[in-house]
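Heads up, the thing below is written out as structure tokens.
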Number of protein chains: 2
Amino acid sequence: MSALDVLADPTRRRIVEILADGELNAGAIAEHFDASRPAISQHLGILVDGGVLTVRRDGTRRIYHLDAAALTEAGDWLSAQATRWNRTLDALESALDQGEI
Amino acid sequence: MSALDVLADPTRRRIVEILADGELNAGAIAEHFDASRPAISQHLGILVDGGVLTVRRDGTRRIYHLDAAALTEAGDWLSAQATRWNRTLDALESALDQGEI
DNA sequence: CGCCTTTGTAAGCATCTGCTTACGCTTGAC
DNA sequence: GTCAAGCGTAAGCAGATGCTTACAAAGGCG
């Protein structure tokens with residue numbers, strides 16, 4: 001769920017979308033953006049800290065790829081809250097139907 | 001997906017968890033926190049702007065409740081990225097199996 | 001009307017963020 | 001060893017963020 005701490009930034013969400021199609025090295029990721037390469041490098045570091053990305057070294061390159069588990073965990077939290085609220089709504093509705101309120 | 005813009009803050013996530021059990025007025029929500037009531041009021045406004053909450057007036061009170069659709073939408077985006085990445089992994093693996101790489 | 005409750009808003013402030021430029025480190029090639 | 005490629009890190013800065021206190025607005029009640 002710490003993935004949510006990190007995915008508020010649109011640039012970082014975009015990085016996630018890019019990496020969903022396949023792993024990529026830092027430079028190749030940075031090419032997708034107008035921002036400077038160090039700026040993207042900082043975003044990558046934040047995403048790694050948040051557990052959303054994993055790095056691997058390949059010579060002088062650093063290859064980043066998604067950690068699906070982190071994304072899934074965050075998604076699960078969101079849908080769990082939605083489900084709880086829907087259940088609360090259902091309970092309220094059936095109580096109304098039965099004249100309990 | 002703009003829900004993600006807003007759910008990076010732990011206080012706001014906690015508000016979401018509280019409201020998953022049922023709608024509540026601003027004061028009752030604030031009682032769950034150490035922060036001042038105005039601080040919580042500001043968080044509530046941000047959550048409403050982000051589409052995560054909806055307000056209703058009841059006399060002098062303002063009753064907040066979750067918007068399940070916003071949460072679901074954000075959760076769907078996350079799981080979609082996880083799924084895309086898993087598919088990419090599968091494709092890579094089968095390519096390796098068939099000696100295409 | 002006068003007053004209390006409930007809540008949002010304004011102003012101010014310390015801190016966090018995200019960006020840029022400049023620099024340093026590591027790896028592979030020659 | 002020397003050089004270039006690829007990237008992270010440091011420093012600095014403008015703007016966003018989250019908090020507080022003080023105040024104002026709106027509704028119910030005597």
Side-chain angles (χ1 to χ4, degrees), chain A residues 1-19 21-67 70 74 101, chain B residues 1-19 21-67 70 74 77 81 101:
Chain A
M1 199 191 51
S2 59
L4 289 179
D5 289 326
V6 139
L7 289 175
D9 185 274
T11 299
R12 292 198 281 268
R13 283 202 297 265
R14 182 94 194 291
I15 290 175
V16 167
E17 290 180 331
I18 290 168
L19 291 182
D21 285 331
E23 57 185 18
L24 233 50
N25 62 305
I29 296 170
E31 286 176 4
H32 288 79
F33 298 89
D34 289 334
S36 69
R37 202 196 44 68
I40 303 302
S41 177
Q42 286 165 2
H43 281 304
L44 291 171
I46 291 170
L47 286 166
V48 170
D49 286 347
V52 177
L53 300 187
T54 307
V55 215
R56 169 167 48 92
R57 319 185 58 136
D58 172 34
T60 74
R61 306 189 175 179
R62 310 238 175 161
I63 309 209
Y64 291 87
H65 66 79
L66 288 187
D67 181 339
I101 299 183
Chain B
M1 198 191 51
S2 60
L4 290 178
D5 289 325
V6 139
L7 290 175
D9 185 275
T11 299
R12 292 198 281 268
R13 283 202 296 263
R14 181 93 195 290
I15 291 176
V16 167
E17 289 179 331
I18 291 169
L19 291 181
D21 284 332
E23 56 184 19
L24 234 49
N25 63 304
I29 295 169
E31 286 175 3
H32 288 77
F33 297 90
D34 290 333
S36 69
R37 203 198 43 67
I40 304 301
S41 177
Q42 287 165 0
H43 280 305
L44 291 171
I46 291 169
L47 285 166
V48 170
D49 285 347
V52 177
L53 300 187
T54 306
V55 215
R56 167 166 49 91
R57 319 184 58 134
D58 173 33
T60 75
R61 305 191 176 176
R62 310 235 175 164
I63 309 209
Y64 290 86
H65 66 79
L66 288 187
D67 181 339
W77 182 85
Q81 306 312 317
I101 300 183

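Order of the sequence lines sets the chain letters (A, B, ...), proteins ahead of strands, with each chain counted from 1. The figures here come from the full heavy-atom set of this structure, side chains too, leaving out hydrogens, waters and symmetry mates.
- With rounding to whole Å, B:D5 atom CG is found 15 Å from D:dA16 atom P.
- Nearest heavy-atom pair across A:A35 and A:I40 is CB-CD1, 4.3 Å.
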Distances for protein N or O near nucleotides 2-8 of chain C N or O, under 3.5 Å:
unit_1: C:dT6; atom_1: O4'; unit_2: B:T60; atom_2: OG1; d: 3.1
unit_1: C:dT7; atom_1: OP1; unit_2: B:N25; atom_2: ND2; d: 2.8
unit_1: C:dT7; atom_1: OP1; unit_2: B:A26; atom_2: N; d: 3.3
unit_1: C:dT7; atom_1: OP2; unit_2: B:N25; atom_2: ND2; d: 3.4
unit_1: C:dT7; atom_1: OP2; unit_2: B:G27; atom_2: N; d: 2.9
unit_1: C:dG8; atom_1: OP1; unit_2: B:Y64; atom_2: OH; d: 2.1
unit_1: C:dG8; atom_1: OP2; unit_2: B:S41; atom_2: OG; d: 2.8
unit_1: C:dG8; atom_1: O5'; unit_2: B:S41; atom_2: OG; d: 3.4
unit_1: C:dG8; atom_1: N7; unit_2: B:R37; atom_2: NH2; d: 3.3
unit_1: C:dG8; atom_1: O6; unit_2: B:R37; atom_2: NH2; d: 3.3

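- Taking each heavy atom of A:G50 and A:S2 in turn, the nearest pair found is O-OG, 3.5 Å.
- Per the geometry, CG belonging to B:L7 stands 14 Å off P belonging to D:dT17, to the nearest Å.
- Counting only heavy atoms from C-beta outward, the side chains of A:D49 and A:V6 never approach each other to under 4.5 Å.
- Side-chain atoms of B:R13 come within 3.5 Å of backbone atoms of B:A8 as a donor-acceptor pair (strictly under, hydrogens ignored).
- In this structure, the side chains of A:V52 and A:D67 stay at 4.5 Å or more apart for every pair of heavy atoms.
- Judged by distance alone, the side chain of A:R12 and the main-chain N or O of A:L47 form no donor-acceptor pair under 3.5 Å.
- Taking atom CG of residue B:L47 and atom P of nucleotide D:dG18, one finds them 10 Å apart after rounding to whole Å.
- In terms of phosphate contacts, A:R57 brings no side-chain nitrogen or oxygen within less than 4.0 Å of OP1 or OP2 of D:dG6.
- A heavy-atom distance below 4.5 Å is found between the side chains of A:H65 and A:T54.
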Detail all sub-3.5 Å separations between protein N/O atoms and N/O atoms belonging to nucleotides 13-15 of chain D.
none

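- You'll find the side chain of B:N25 stays beyond 4.5 Å of the side chain of B:D58, heavy atoms only.
- Protein atom NE2 of B:H43 is 3 Å distant from nucleotide atom P of D:dC19, rounded to whole Å.
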